[in-house]
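Report on one structure; see the data block that follows.
Position 1 is the first residue of the sequence; numbering continues from there.
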Amino acid sequence: MAEIIRLCNLTKYYGKHRGIENLSLQVQEGEIFGFIGPNGAGKSTTIRSMLGLLQPDSGTAELFGKSIQKEKTEILRRVGYLPSEPAFYGGMRVREALQFAASFYRQDCRSAAEALCGRLKLDAEKRVRELSLGNRKKLSIVCAFQHTAKLYVLDEPTSGLDPLMQKEFFALLQEKNREGATIFLSSHVLSEIQKYCSRAAVIRDGSLVVCDDVTNICSSAMKRVTIHGVEEVAGIVMRNPQKTGDGISFLYSGPAQELIAALQGLPVTDLTITEPPLEDVFLHFYDAKNTASV
Ligand SMILES: Nc1ncnc2c1ncn2[C@@H]1O[C@H](COP(=O)(O)OP(=O)(O)OP(=O)(O)O)[C@@H](O)[C@H]1O
């Protein structure tokens with residue numbers, strides 16, 4: 001299978017501020033690859049460096065086996081890109097903004113754009129400046145998906161979309177993937193990476209923490225468990241336990257069966273298991289990294 005993305009030791013500083021450091025990863029043809037990290041981790045910096053929209057201080061980025069530094073225009077014609085902060089001319093109508101974006105790809109995208117606007121319920125006659133945040137996001141999605149690309153690079157595509165539109169977006173993404181496109185999907189929501197990606201990389205403080213199959217990454221991901229009615233649970237490993245009014249809340253990454261067994265016979269009145277903030281989900285990876293670098 002062909003390698004679609006190869007990043008080697010990419011490093012980018014903004015003056016003295018760290019963007020990313022020595023970031024390396026590869027993505028194979030046909031993958032839906034997740035790129036996950038908390039705010040400020042370096043996802044957008046990685047993506048912009050990878051697409052040649054930022055000049056890295058060192059390291060290399062290759063797409064389709066070609067150097068982005070040397071063959072940017074040709075490479076970008078084969079990429080659908082959804083930036084985290086898209087900019088449009090406010091005075092244009094949606095239809096005009098889409099045609100303007102499509103002109104770069106030298107493809108007639110009008111019927112695809114119309115179909116996508118229909119699916120996402122985006123009014124093509126509205127002026128861009130009149131669009132709500134969510135509708136602006138839909139415009140970015142149509143911009144990225146309206147032409148036939150080999151690779152779609154999507155930087156936090158679902159932020160600002162309501163759940164119904166998120167569902168429609170992922171249906172589109174899977175269709176593109178089934179047609180043979182490779183997808184690079186950045187997010188700070190673990191559950192969407194878990195549901196749609198085969199492999200993923202976790203980034204934090206500008207460095208890669210782990211890159212592996214999503215099942216491996218998620219099997220050890222922390223969950224926040226909150227139990228009411230008991231203040232202690234014996235026989236399980238708890239991280240950051242905190243007493244609540246009538247119970248206890250803690251981070252847990254062990255097998256569900258062990259937790260269920262430990263709760264047997266206890267006077268539990270309520271139980272919730274939720275996805276904690278990303279910083280907590282991958283706590284064990286960060287700890288391992290810090291320990292290794294000491
Ligand atoms: N133009 C800039 N000037 C200075 N620092 C910057 C600039 N752009 C990004 N940074 C810094 O680089 C780091 C990585 O930012 P980046 O936007 O790549 O992160 P991110 O993971 O995409 O975050 P988010 O999820 O919040 O969009 C952050 O510390 C950020 O403050």
Side-chain angles (χ1 to χ4, degrees), residues 12 14 19 35 37 39-55 61 63 68 72-173 175-177 181-189 192:
K12 171 72 188 171
Y14 300 95
F35 193 46
N39 290 134
K43 301 182 294 296
S44 300
T45 304
T46 305
I47 287 174
R48 290 189 197 123
S49 304
M50 171 169 107
L51 298 178
L53 308 172
L54 269 181
Q55 180 66 37
L63 272 66
I68 191 73
K72 183 158 107 182
T73 310
E74 202 218 308
I75 290 173
L76 291 187
R77 288 226 162 89
R78 299 162 75 186
V79 177
Y81 171 45
L82 187 154
S84 60
E85 289 170 17
F88 296 104
Y89 292 111
M92 280 186 175
R93 294 190 189 278
V94 165
R95 188 186 304 284
E96 293 165 336
L98 289 169
Q99 280 170 12
F100 181 65
S103 62
F104 175 76
Y105 297 101
R106 298 183 182 161
Q107 286 179 19
D108 183 356
C109 306
R110 279 173 295 183
S111 63
E114 198 175 321
L116 286 165
C117 286
R119 279 180 74 167
L120 294 174
K121 303 193 183 351
L122 177 63
D123 182 352
E125 296 312 320
K126 271 216 161 164
R127 299 240 180 240
V128 171
R129 74 164 78 88
E130 296 165 3
L131 297 178
S132 67
L133 210 63
N135 282 329
R136 227 168 237 263
K137 187 58 97 167
K138 291 181 194 173
L139 173 55
S140 320
I141 293 170
V142 180
C143 268
F145 280 155
Q146 64 177 338
H147 69 111
T148 311
K150 288 261 175 226
L151 168 68
Y152 292 93
V153 178
L154 310 164
D155 195 352
E156 307 223 17
T158 53
S159 62
L161 286 186
D162 66 43
L164 212 62
M165 284 302 139
Q166 289 190 14
K167 205 170 157 216
E168 193 60 42
F169 164 79
F170 281 113
L172 273 168
L173 181 133
E175 281 167 33
K176 291 286 186 186
N177 182 245
T182 304
I183 315 271
F184 188 93
L185 174 71
S186 126
S187 174
H188 60 264
V189 182
E192 60 185 35

Residue pair [X] / [Y]: nearest heavy atoms and the distance that separates them:
X	Y	value
Gln166	Leu161	NE2-O, 3.0 Å
Ile141	Pro157	CD1-O, 4.2 Å
Lys43	Ser186	CD-OG, 3.9 Å
Arg136	Phe88	O-CE1, 4.3 Å
Ala61	Ser49	CB-O, 4.3 Å
Asp123	Glu125	OD1-N, 2.9 Å

Handout entry: Mutual orientation of the aromatic rings belonging to Phe35 and Phe184 [parallel < 30°, tilted 30-60°, perpendicular > 60°]
Key = tilted
Exercise for the section: Name the orientation class of the two ring planes belonging to Tyr89 and Phe100 (parallel below 30°, tilted from 30 to 60°, perpendicular beyond 60°). Expected result: perpendicular
Tell me if a side-chain donor or acceptor on [X] pairs with a main-chain N or O of [Y] at a distance below 3.5 Å.
X	Y	value
Tyr105	Val79	yes
Arg77	Phe104	yes
Lys137	Gly160	no
Gln146	Ala112	no
Arg127	Gly91	yes
Lys176	Phe145	yes

Note, [X] side chain near [Y] side chain (heavy atom, < 4.5 Å):
X	Y	answer
Leu116	Leu122	no
Pro83	Leu53	no
Phe169	Thr158	yes
Asn135	Leu139	no
Ile68	Leu76	yes

How long is the span from the [atom1] atom in [X] to the [atom2] atom in [Y], to the nearest 0.5 Å?
X	Y	atom1	atom2	result
Leu164	Lys121	CG	NZ	7.5 Å
Leu151	Leu63	CG	CG	6.0 Å
Arg48	Ser84	CZ	OG	5.0 Å
Leu82	Glu156	CG	CD	10.5 Å
Leu133	Ser159	CG	OG	8.0 Å
Leu54	Thr46	CG	OG1	10.0 Å

Problem - Residue among Ser187, Ser140, Ser44 satisfying side-chain hydrogen bond (donor to acceptor under 3.5 Å, both in side chains) with Asp155 - result: Ser44
Exercise for the section: Any chance you could lay out the side chain to side chain contact (heavy atoms under 4.5 Å, CB included) test for Val94 and Leu98, step after step, and finish with the verdict? Expected result: CA-CA 6 Å; Val94 165; Leu98 289 169; 3.9 Å; yes
Completion exercise
The side chain to side chain contact (heavy atoms under 4.5 Å, CB included) partner of Lys138 among Arg119, Glu168, Met165 is Met165
Handout entry: Exceeds 12 heavy-atom contacts within 6.0 angstrom, atom CD of Glu114
Key = no
